[in-house]
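To start, the structure itself, in structure tokens.
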Amino acid sequence: MLVNRTEQLIGRLKNFESLQQSSNESKRFIERSEKLKKIAKEIEQIVLIVELFRRQGFEVDIEKLLAYPHSLFEKLKVKWEDDKHSVIEAHEFFNKVRFNKIEQDVQSKLEEQWQEFISKNRPSLNMEQLDSLVNIPDLKGVVIELREHLKTLNSLPNTFPNQDANFQYVISITDKMKELWNQLDSKNIPEEMMSFVKRAGKSEGVNLEEITPKIITWLKENNLIHLCQVRFQK
């Protein structure tokens, strides 16, 4: 009788150990599932950012950044195909790859492209130039509006785009500024000077030979000469 009782206890203990092992494995499966979901979400964020910039015509190369995690995942995939149970085992793919760091590196590179995009599209105007032109009564209304747009444009490099509308917004502001700049007009400013001011404020600027002595004199009289500079074309 004692032997039978002992055998029953041993059987129950084995069942308990089996249940405990099953419970532990179940917990590890859940933990691994949550880990994979987190990785999938991090990868999705990277893809969304890259696709946004590629839609705007940017060349975004992230193959080098993803080469290492991709190679680890391929090894992990082969292991899983051979043994489905290995999904809960420790693997360097989960320990060594930091997708949030990769996302930060990608965003850092794209921030540079975003700033270049704004710089490339913006008119060749600065706040000091507009602060001087606003003192010319006939130009004041348009120049005030230009200043507001320029303030907005100057703040955009500090914000990272997350949708196509952000890029379109830059284009719309710069187009509006160009339109306003072309509207600059004054009966009290000689046509030659007005034409020079308009062309000098555009991204292409003016040629050196176009700057006549009369223009230089007018610039000095209106305290604008210090805003002019000469640079070589790229």
Side-chain angles (χ1 to χ4, degrees), residues 49 52-61 106-234:
I49 293 173
L52 171 63
F53 274 75
R54 283 179 174 173
R55 285 198 300 273
Q56 317 309 318
F58 291 95
E59 292 184 6
V60 185
D61 182 11
V106 170
Q107 181 163 327
S108 178
K109 292 178 181 295
L110 295 181
E111 281 176 353
E112 295 178 8
Q113 292 187 316
W114 168 240
Q115 292 168 7
E116 289 174 4
F117 174 79
I118 295 173
S119 178
K120 178 182 177 181
N121 284 281
R122 64 178 295 162
S124 181
L125 298 173
N126 58 60
M127 201 58 73
E128 187 179 7
Q129 179 183 8
L130 295 177
D131 286 343
S132 297
L133 290 175
V134 79
N135 294 316
I136 301 175
D138 291 349
L139 308 181
K140 186 174 181 178
V142 174
V143 172
I144 288 176
E145 195 171 348
L146 279 166
R147 281 199 305 193
E148 291 305 311
H149 287 305
L150 185 57
K151 287 179 183 177
T152 301
L153 204 57
N154 287 342
S155 69
L156 292 179
N158 300 320
T159 61
F160 189 74
N162 56 18
Q163 54 185 331
D164 297 275
N166 297 134
F167 292 88
Q168 295 163 5
Y169 185 51
V170 172
I171 299 298
S172 66
I173 291 177
T174 55
D175 284 348
K176 181 61 178 177
M177 290 182 70
K178 291 173 184 177
E179 180 184 339
L180 287 168
W181 189 251
N182 288 329
Q183 291 175 12
L184 286 177
D185 194 19
S186 173
K187 295 178 180 179
N188 299 314
I189 300 177
E191 185 177 345
E192 180 184 0
M193 313 310 169
M194 196 70 254
S195 176
F196 171 82
V197 169
K198 286 184 177 180
R199 287 183 289 112
K202 295 180 179 180
S203 56
E204 59 269 22
V206 297
N207 295 323
L208 187 60
E209 62 268 18
E210 296 180 63
I211 306 176
T212 65
K214 288 175 64 177
I215 290 176
I216 293 176
T217 300
W218 182 83
L219 290 171
K220 289 179 179 178
E221 291 174 349
N222 288 274
N223 195 32
L224 296 170
I225 190 69
H226 69 288
L227 299 175
C228 299
Q229 58 178 300
V230 178
R231 65 172 181 266
F232 292 102
Q233 289 185 340
K234 294 181 181 180

Table please: side-chain donor-acceptor pairs of residues 111-119 below 3.5 Å, with sequence neighbours left out.
from	atom 1	to	atom 2	distance (Å)
W114	NE1	L156	O	3.1
W114	NE1	T159	O	2.7

Distance, nearest 0.5 Å, that separates [atom1] of [X] from [atom2] of [Y]:
X	Y	atom1	atom2	result
H149	N154	NE2	CG	13.0 Å
N121	I173	CG	CD1	11.0 Å
W181	L130	CH2	CG	6.0 Å

4.5 Å side-chain heavy-atom contact, T152 and E148: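 Contact flag for T152/E148 side chains = no.
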Minimum side-chain heavy-atom gap M177-R122 below 4.5 Å: no
Donor-acceptor pairs under 3.5 Å, side chain of residues 160-167 to any protein atom, not counting sequence neighbours: which ones?
from	atom 1	to	atom 2	distance (Å)
D164	OD1	R55	NE	3.1
D164	OD1	Q56	NE2	2.7
D164	OD2	R55	NE	3.4
D164	OD2	R55	NH2	3.0
N166	OD1	N162	N	2.8
N166	OD1	Q163	N	3.1

Residue pairs passing the salt bridge (Lys or Arg N to Asp or Glu O under 4.0 Å) test where at least one lies in residues 131-143, sequence neighbours excluded: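 Only D131-R147 qualify under salt bridge (Lys or Arg N to Asp or Glu O under 4.0 Å).
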More than 12 heavy atoms of other groups within 6.0 Å of Y169 OH: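 Atom OH in Y169 is not packed in, count stays at 12 or less.
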CA sep, side-chain torsions, deciding dist, call: L180, Q183, side chain to side chain contact (heavy atoms under 4.5 Å, CB included): CA-CA 5 Å; L180 287 168; Q183 291 175 12; 3.8 Å; yes
